[in-house]
Every structure is written in C-alpha cells, then in structure tokens.
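See below for the structure under consideration.
Just so we're clear, the structure is a prediction, and the values are computed from it rather than from any experiment.
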Amino acid sequence: MHIAMADGNMKNLCNDMVINIFLRIPVKSLIRFKCISKILYDLIQSSVFINLQSNRTIIKDELILLKRSIKVAPREYNNVLSFLSSHDDNINDLKPVYPDLYIPRLTSRHGHLCYETVGPCNGLVALTDFDAIVLFNPATRNYRALPPSPFKCKVRFHRSMNGGLGFGYDWIANDYKFVKISEIFRDPPQWHPNEDREKTVEIYDLNIGSWRVFNYDTEEFPGVHWFPCFEILYKGAYHWCAYAETKIILCFDMTTEIFRPIKMPHTCHSYDAKRYSLVVLNESLTLICYAGKQTEPDPIRDLTDIWMMKEYGVYESWIKKYTIKPLYIEAPLLLLKDHLLLLQSTSGLVMSNDLTSDKLEEVNLFSSAHSFRMIIYKECLTPVPKVEETVEYNSMILEKVYLFNFNLMN
C-alpha cells in the first residue's frame, strides 16, 4: 500500500481496512505517516486508534528495554537505554532495533550509577534517580518531568525513599499515579538506631499535576525494603518487598488506593538471608528466592526456589514451580519466553538459565555491576499528558533530558 496517496483516495478506503493495516505498522513509521496528511494525522492521534494499537494482538512485537551503566571515568558513568529484540530461543541473538539512548544526569547535584526504571504501564516508563522523576514514552520519545514534592523535612532530618516509588494507571479516574514511600529520620551523627522513624506516603496525580499526602495507620504500616528487580506493576497494583512481622509483598491498588499485604511462601523467613525478585510467569505473579553472593556457598541451603501464585492474592495458591542450583548473582533480571531466566552477575555480565534444562550460559551483554535493569516493553502511542511548565525545577530537568528529543524521522 502506498501511503503517499491523495487525500481523496484515502477517503475511498474502508476505515476498518486502513486501521487494520496501520495496526501492523511499527510506531516509528506511524509517527512518520502523521506528517503526510491531516487525515492520517487525525487517525493516528485519535484516542480510538491509540487504544486499539496499545491492545493489538495481530503481531508479536514485544521488545526488551535494557537499562545499563557504562563506566567512562572514575566515579563517572553513562546510563544507556537499549531496545533489543529476539525471534527465537537463542538468547545471544538479541539485536538492537533502535540506536541507544544516553541518559543525562537528571539532577545537577550528583550522578547515579544506577537510575531506576519504573513500569511499564500502557507503554509509559518512569525514570528516577530518587531526586527527579521523568515520565516518558520510549517509543515516541515524549516525556514530562514531575515537580518535586512540596513536603519538606524538618531541620536536621533526612528523607530516604528506599526504592519505594511506584507507578500505575487508575482506569476509573483515567489517571496515572505515582506513589512514593519514604522514611524520615535524623541525619547522622544525631540519628540513633533505636529512634523511631516516621514513614510517609505521597501520591502524585498526573491529571491534577500535584502531590498529596496519603493518610494511613502509621503504626501498622510495614517498612519497605529494596531488592534489585523486585518492584513490579501487576493487575493494576504496584508491589514492593516489605517487612511487617515477617517478609511480605506490599501491594498498592492504583484505583482503590488501598495497601494490602500478600504473604510470601512459608519457606520465606526474616532470618533466612535470602534475597527476592518478582516476575510474571505464564501470567502469574512469581517469586524468585535466591541466595545472592555468598562468601561460603552451601549447595544445599542456597538452592534457588521459584514460587508461582496460581490465584492472585491467595496465600494457599503458592506452588513451588522450580528448584534449581544455587545462583550466586547480584539479581535475577527478567523471565523471557517463560523459561529463560536472565541473571545479573556480580562482575557485570548477563547470564541465562534455562529453567527446563538448568543450562547456564553467558549472554553477550555487559555493563558496570549492579546497574542492569530489564523490562518487557511493547511500543505504544500512549501520549504523555502535558502541562504548562511553570516550575523552575521542571524547566531545569526538561533542559537536561535532551535524549527524549531523539529524531524519530531519521
């Protein structure tokens, strides 16, 4: 089909036929087609087409969005986003489909070895260094910097986020929300180990464009604990690892704004020194329990268990799906094709473990240790809602995040 046709010819085509054809076209090409005619522009920009394109099942076009850090000088790193694709079970066949995006420092105070990627949700991903938060669409390169929270700590007190940033979509309010869990305590040397810490929860509504404090029972609220590659958005709720009387999965429903705990399998204890990661296996929430890096590995004690929750939220539905040999790694990264577990080694390599054969092999990817993040990403046209940038902070961030202006017409 020749896209560069006259508007009159376009009008003669069946709308359903045009839409069906366009749903098979990559996002990068769709963005180009918007420049051809007003008819194409209106079609591709319409909310109906964007929703159809986001939920399409005509083609399998999932990518791996890889975030990594490359050391370029002492205490200086380049953070890079890569878009990878593979069409068979050969994990070393991962190939870039777009040029890499280089992430500048989000704030001027310091540069992070490991920026966090949060999401995706409807094709949108958040990037944060825990000072700044930028919401962007990797496919269209549209972005928006969130304003900082207006809620300040008292003098000589410090706020720690502990990785407690969540992002998701409220389908009833048609709004995207950010949830920030933090602890406030005295700065050293005034801080004392026995001193109570105050937990705070703040929510940012994208449609409203402002932060608000979320009220909750302070005494009952668990402490969020950061593990690499644990936080995940699943079934409209965001999930963190947390401690109550024991280790739990803490969930926040983006629509009802209710926190609820999910008990981990009975073998998970506060004293077992295990580390944890959450993934999705066969559309079910799946918990990986692994030993991490050990000085004296025990081949019996340090086995890696993979638990699948057959019925979401039901403790009794946990089943042990796999038990594999100890994996002395930094963290699991991603479960690919439902049987290839990608792992981050402490030396900066990516390893692949086939859960069906227990075969472990090296993947042709490398970065600085502790910096890998991988997510399954499906390109969408989902727009990033825009607001008038009146906050000086936002202007500074937007000037820095030049990578999202990548020219998709090339």
Report yes or no: is the cationic atom of Lys180 (NZ for Lys, CZ for Arg) under 6.0 Å from the centre of the six-membered ring of Trp211, at an angle within 45° of the ring normal?
yes

Taking every heavy atom of Leu63 against every heavy atom of Tyr98, the minimum-distance pair comes out as CD1-CE1, 4.4 Å

By side chain to side chain donor-acceptor pair (under 3.5 Å), Tyr238 pairs with (sequence neighbours left out) none

Can you name the side chain to side chain donor-acceptor pair (under 3.5 Å) partners of Arg212, sequence neighbours left out?
Asp205, Glu257

Looking at residues at least two apart in the chain, or sitting in another chain, which of them share a side chain to side chain donor-acceptor pair (under 3.5 Å) with Tyr169?
Asn174

Show, in sequence, the C-alpha distance, side-chain angles and deciding distance for Val363 and Met351, and conclude whether the side-chain contact (heavy atoms from CB on, under 4.5 Å) test is met.
CA-CA 5 Å; Val363 180; Met351 310 296 293; 5.8 Å; no

Check whether any side-chain heavy atom of Ile44 sits under 4.5 Å from a side-chain heavy atom of Phe22, and report yes or no.
yes

Can you check whether Cys35 reaches Leu40 side chain to side chain, under 4.5 Å on heavy atoms?
no

Residues forming a side-chain contact (heavy atoms from CB on, under 4.5 Å) with Ile50, sequence neighbours excluded
Leu381, Pro383

Considering non-hydrogen atoms only, spot the tightest contact between Leu233 and Cys121 and give its length.
CD2-CB, 3.6 Å

In short, Cys268 meets Thr246 closest at the heavy-atom pair O-OG1, 4.1 Å

Determine whether Tyr41 and Phe33 satisfy the following criterion, ring-ring contact (aromatic ring centres under 6.0 Å, His included), listing intermediate values before the conclusion.
CA-CA 7 Å; Tyr41 181 90; Phe33 296 163; over 10 Å; no

SG-CG distance between Cys251 and Leu285, expressed to the nearest 0.5 angstrom:
7.5 Å

Minimum heavy-atom separation for Ile248 to Pro261, with atom names?
CD1-CB, 3.7 Å

Output all residues satisfying side-chain contact (heavy atoms from CB on, under 4.5 Å) with Ser54, sequence neighbours left out; order by chain, then residue number.
Cys380

Thr286 versus Val280: any side-chain heavy-atom pair under 4.5 Å?
no

Around atom NZ of Lys34, are there more than 12 heavy atoms from other residues, nucleotides or ligands closer than 6.0 Å?
yes

For residues Glu361 and Ser352, is any side-chain donor paired with an opposing acceptor at under 3.5 Å?
no

Kindly list each side-chain donor-acceptor pair under 3.5 angstrom involving residues 304-315, sequence neighbours excluded, with atom names and distances?
from, atom 1, to, atom 2, distance (Å)
Asp305, OD1, Thr323, OG1, 3.0
Tyr312, OH, His239, NE2, 2.6
Tyr312, OH, Arg260, NH2, 2.9

How long is the gap from CD on Gln344 to CZ on Arg373, to the nearest 0.5 Å?
6.0 Å

For the pair Asp170 (side chain) and Asp175 (backbone), establish whether a donor and an acceptor sit closer than 3.5 Å, ignoring hydrogens and angles.
no

Just so I know, are the side chains of Ile288 and Val279 near enough to count as touching, which here means a heavy-atom distance under 4.5 Å?
yes

Looking only at side-chain N and O atoms, does Thr356 offer a donor or acceptor that is under 3.5 Å from a partner on Asp354?
yes

Is there a side-chain contact (heavy atoms from CB on, under 4.5 Å) between Met264 and Ile249 once you walk through the steps?
CA-CA 7 Å; Met264 289 187 181; Ile249 301 171; 4.1 Å; yes

Excluding sequence neighbours, so at least two apart, what forms ring-ring contact (aromatic ring centres under 6.0 Å, His included) with Phe49?
none

Answer yes or no: is there a side-chain heavy-atom contact under 4.5 Å between Val134 and Thr128?
no

To the nearest 0.5 Å, tell me how far Phe167 CZ sits from Ile133 CD1.
10.5 Å

Are the side chains of Phe178 and Leu146 in touch, meaning some heavy atoms are under 4.5 Å apart?
yes

I'd like to check the salt bridge (Lys or Arg N to Asp or Glu O under 4.0 Å) partners of Asp338; sequence neighbours left out, ordered by chain and number.
none

In sequence, state the C-alpha distance, the side-chain angles, and the governing distance for Leu303 and Ile324, and then conclude on side-chain contact (heavy atoms from CB on, under 4.5 Å).
CA-CA 6 Å; Leu303 292 172; Ile324 56 180; over 6 Å; no

If you round to the nearest 0.5 Å, how far is OG1 of Thr200 from CD1 of Ile181?
9.0 Å

For Met374 and Leu66, the nearest pair of non-hydrogen atoms, with its separation, is CG-CD1, 3.7 Å

Measure the CD-CG distance between Gln45 and Leu30 for me, rounded to the nearest 0.5 Å.
10.5 Å

If you take all heavy atoms of Glu202 and Ser182, which pair is closest and at what distance?
OE2-OG, 4.2 Å

ring-ring contact (aromatic ring centres under 6.0 Å, His included) with Phe227: which residues, sequence neighbours excluded?
His225, Tyr276

Rounded to the nearest 0.5 Å, how far apart are OG of Ser149 and CD1 of Ile203?
12.0 Å

Would you say the side-chain atoms of Trp226 pair up with the backbone N or O of Cys241, donor to acceptor, closer than 3.5 Å?
no

Within a strict 4.5 Å, meaning less than it, do heavy atoms of the Val384 and Leu124 side chains meet?
yes

After noting the C-alpha distance and the side-chain angles of Ile19 and Leu23, does the key distance pass the side-chain contact (heavy atoms from CB on, under 4.5 Å) rule?
CA-CA 6 Å; Ile19 291 175; Leu23 290 177; 4.0 Å; yes

Once side chain to side chain donor-acceptor pair (under 3.5 Å) is applied, do any residues pair with Asn122, and if so which ones, sequence neighbours excluded?
Tyr176

side-chain contact (heavy atoms from CB on, under 4.5 Å) partners for Ser47, two or more places apart
none

Quick one about Ser82 and Asp100 (side-chain donor to acceptor, distance below 3.5 Å, no hydrogens or angles considered), yes or no?
yes

I want to check something: taking the side chain as every heavy atom from C-beta on, are Leu278 and Tyr234 in contact at a cut-off of under 4.5 Å?
no

Apply the ring-ring contact (aromatic ring centres under 6.0 Å, His included) test between Phe221 and each candidate in Phe259, Trp240, Phe214; give the one that qualifies.
Phe259

Under the rule for side-chain contact (heavy atoms from CB on, under 4.5 Å), what residues qualify as partners of Val125, not counting sequence neighbours?
Leu65, Thr117, Pro120, Phe136, Pro138, Ile375, Tyr377

